[in-house]
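Here is the naming used below: chain letters follow the sequence lines, and residue numbers restart at 1 for every chain.
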Amino acid sequence: MQSEHPHVAFDLFYAENAMPAFRFALRLSGNRDDAEDLAAQALAKAYRRWSQYKGDSTAQTWLFAIILNEWRMLCRKRPVTEARLDAIQHLASTMKFEDLDLATAIQSLPDSLREAFLLVKGEGLTHAEAARVAKVPVGTMYFRVHSAVRKLRNSLSAESDLQALEEVTCNHEM
Amino acid sequence: MKCNEIQKLIAIDLSGELKPGQRSLMQDHLSECAACREWLAFHRSLENHMNEPVSVPIGMETRVAQMLASSPAQVPWLTRVLGNQTMKKLALSTSTVAVLAAGAFFLLPRNAAASTPLESFNKMRSAFTSAAQKGLLRVMAISGKDGRVRTVTILDGKELSQFPVKLNVKREGELNVVNLTVDMVELQPERFRFIRFGKAVNTLELGPKSSPNSFYSVTLDPKTKAPQKWDVIVVEGFPIDVNQLKEQAPKSGSKSGDVQIRVEGVPLDVRPGKRDKVAAPKPAKDPKAMSGYVRLRFGESATTTIRPKGGK
């Protein structure tokens with residue numbers, strides 16, 4: 001997407017951005033209805049305001065910023081006080097192997113760390129891009145991602161992780 | 001640097017934001033620290049779990065379109081176009097051009113100069129050999145203080161840390177001889193169960209038949225198709241550092257010594273597949289052998305240029 005083509009067809013815009021937008025929204029909210037609301041609103045806002053695109057970040061970075069902002073507003077109106085089983089299952093459904101343990105651990109992260117983790121590790125943004133989305137300094141984003149990964153490592157069974165590593169054999173030669 | 005500092009750098013490196021100097025320090029530490037290698041493996045496992053597409057609700061597109069249509073004041077160009085016949089005709093013609101242009105942009109293969117993954121793959125192999133003949137293929141050997149050796153392949157300044165290199169360490173007198181084989185036969189198309197474009201632009205994914213649970217993710221230079229990055233993606237379990245597995249201590253004990261590294265290559269054989277009707281690019285002159293050596297003491301690192309036999 002480039003700012004010099006503000007009238008690019010809607011269907012092409014949607015094809016490019018709908019899946020990452022919905023996935024990020026689903027992982028944030030843990031609820032398909034909320035995720036669809038968030039993603040649809042963000043996609044519509046992004047397309048409407050395309051003329052405001054300043055070209056200093058990728059289109060998806062901008063889109064994630066809208067989704068994150070809408071989610072935070074929703075949380076202020078409807079605070080979530082505990083992780084729900086269905087939220088964990090929805091989160092697991094967005095991952096390979098649908099790892100419930102990992103989904104539970106991610107869902108249990110503090111909001112700021114979870115958002116950082118989902119942006120960098122989930123959606124593949126750089127720390128600098130994620131910092132722009134979350135409106136924090138990049139050093140803060142480095143810290144949040146590192147802290148999130150450390151908490152996940154501690155939450156998940158350390159024994160099973162290490163055991164899996166010990167079972168690796170040197171058979172990777174071609 | 002301490003492990004805590006290194007582990008902070010790992011996430012930054014995985015997102016491509018680490019400075020070269022810090023990266024070198026990190027890699028030196030990783031070569032000797034199993035705990036940090038486990039940390040790196042955990043990071044990659046997380047990314048592997050999270051990198052999964054999801055199905056978008058069927059009605060969402062219609063819903064977004066309805067949202068746009070319900071707020072015409074915020075889309076002045078749409079209102080102007082639909083309300084004016086002359087502008088409508090003009091907009092339809094120009095928007096048609098824009099749609100066609102945008103469609104061509106989005107629908108063209110990721111690599112316009114190579115229309116199929118196999119073609120990109122063959123160009124990659126040819127570019128690799130060509131670079132080697134120009135003296136741009138180097139192997140850096142890094143010896144731990146215990147004599148264990150790992151290698152890093154560097155092609156025209158780009159580090160291919162997971163490029164498959166066969167490594168064998170043995171002792172010859174007072175020399176620790178490390179034999180490395182850059183075996184291009186293993187990179188023939190028939191050695192893979194799949195060759196496909198990756199999700200990112202200018203990437204190939206290669207699934208070796210010998211490793212059903214993993215595949216290579218190769219980033220290519222968009223113009224030359226030379227590999228710029230070479231990673232191993234494990235479908236199940238934790239990623240395996242190929243170079244880590246190659247570390248072998250010398251058979252006879254020695255607390256100090258020199259390491260001589262020889263690298264031998266196998267001539268390329270670039271041929272189009274039976275189902276690929278696109279002619280393969282003209283292959284570079286096959287090197288009969290690619291060799292080089294470096295003398296290395298324990299705890300040191302050195303780099304050698306791999307050249308064809310009889311080369312400069």
Enquirer: What part of A:Gln41 lies closer than 4.5 angstrom to a heavy atom of chain B: side chain, backbone, both or neither?
Expert: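 For A:Gln41, heavy atoms of backbone and side chain both lie under 4.5 Å from chain B.
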
Enquirer: Less than 4.5 Å apart, any side-chain heavy atom of B:Asn4 and any of A:His146?
Expert: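 Yes, close enough: below the 4.5 Å cut-off.
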
Enquirer: Side chain of A:Arg23, backbone of B:Glu52: donor and acceptor closer than 3.5 Å?
Expert: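 Yes.
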
Enquirer: Decide side-chain contact (heavy atoms from CB on, under 4.5 Å) for B:Val64 and A:Tyr47; before the verdict, give the C-alpha distance in whole Å, the side-chain angles of both, and the deciding distance to 0.1 Å.
Expert: CA-CA 10 Å; B:Val64 177; A:Tyr47 192 70; over 6 Å; no

Enquirer: Verify the distance criterion only: is there a donor paired with an acceptor across the side chains of B:His43 and A:Lys121 at less than 3.5 Å?
Expert: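 Looking only at side-chain atoms, A:Lys121 and B:His43 do form a donor-acceptor pair, the distance falling under 3.5 Å.
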
Enquirer: Would you mind checking which part of A:Phe143 comes under 4.5 Å of any heavy atom in chain B, side chain (CB onward), backbone (N, CA, C, O), both or neither?
Expert: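 Neither; nothing under 4.5 Å.
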
Enquirer: Is there a side-chain contact between A:Lys45 and B:Leu68 (heavy atoms, below 4.5 Å)?
Expert: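 No, side chains not in contact.
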
Enquirer: Main chain of B:Met50, side chain of A:Arg27: is a donor-acceptor contact present, judged purely on distance under 3.5 Å?
Expert: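 Answer holds: yes.
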
Enquirer: Between chain B and each of A:Ala40, A:Ala39, A:Ala18, count heavy-atom pairs under 4.5 Å; write down the option with the most.
Expert: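 So the answer, after comparing A:Ala40, A:Ala39, A:Ala18, is A:Ala40.
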
Enquirer: Report the distance from atom CG of A:Leu43 to atom CE of B:Met67, rounding to the nearest 0.5 Å.
Expert: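 It is 9.0 Å, given to the nearest 0.5 Å.
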
Enquirer: Please classify the contact between A:Ala21 and chain B as side chain, backbone, both or neither, with a heavy-atom cut-off of under 4.5 Å.
Expert: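 When you check distances to chain B, no heavy atom of A:Ala21 falls under 4.5 Å.
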
Enquirer: Below 4.5 Å from any heavy atom of chain B, which atoms of A:Leu26 appear? Answer side chain, backbone, both or neither.
Expert: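 Contact with chain B is absent: no heavy atom of A:Leu26 under 4.5 Å.
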
Enquirer: Which bit of B:Ile10 comes within less than 4.5 Å of chain A, counting heavy atoms only: side chain, backbone, both or neither?
Expert: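 Neither part.
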
Enquirer: Determine whether B:Trp39 and A:Arg150 make a side-chain contact, defined as any pair of heavy atoms from C-beta on separated by less than 4.5 Å.
Expert: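 In short, these two side chains touch, coming nearer than 4.5 Å.
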
Enquirer: So, does B:Glu17 use its side chain to make a donor-acceptor pair with the main chain of A:Thr126 at under 3.5 Å?
Expert: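 No: the side chain of B:Glu17 does not pair with the backbone of A:Thr126.
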
Enquirer: Can you find a pair of side-chain heavy atoms, one from A:Leu102 and one from B:Leu46, that are under 4.5 Å apart?
Expert: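 Yes; the side chains approach each other to less than 4.5 Å.
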
Enquirer: Side chains of B:Lys8 and A:Tyr142, heavy atoms from C-beta outward: is any pair under 4.5 Å?
Expert: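 The answer is no; the side chains never approach within 4.5 Å.
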
Enquirer: Check whether the side chains of A:Lys96 and B:Asn51 place a donor and an acceptor atom closer than 3.5 Å, and report yes or no.
Expert: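 B:Asn51 and A:Lys96 do not have a side-chain donor-acceptor pair below 3.5 Å.
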
Enquirer: Work out which heavy atom in B:Pro57 is nearest to a heavy atom in A:Tyr14; give both atom names and the distance.
Expert: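 Taking every non-hydrogen atom into account, O-OH, 4.4 Å.
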
Enquirer: Looking at A:His127 and B:Ser15, what are the two nearest heavy atoms and their distance?
Expert: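 Looks like ND1-OG, 3.0 Å.
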
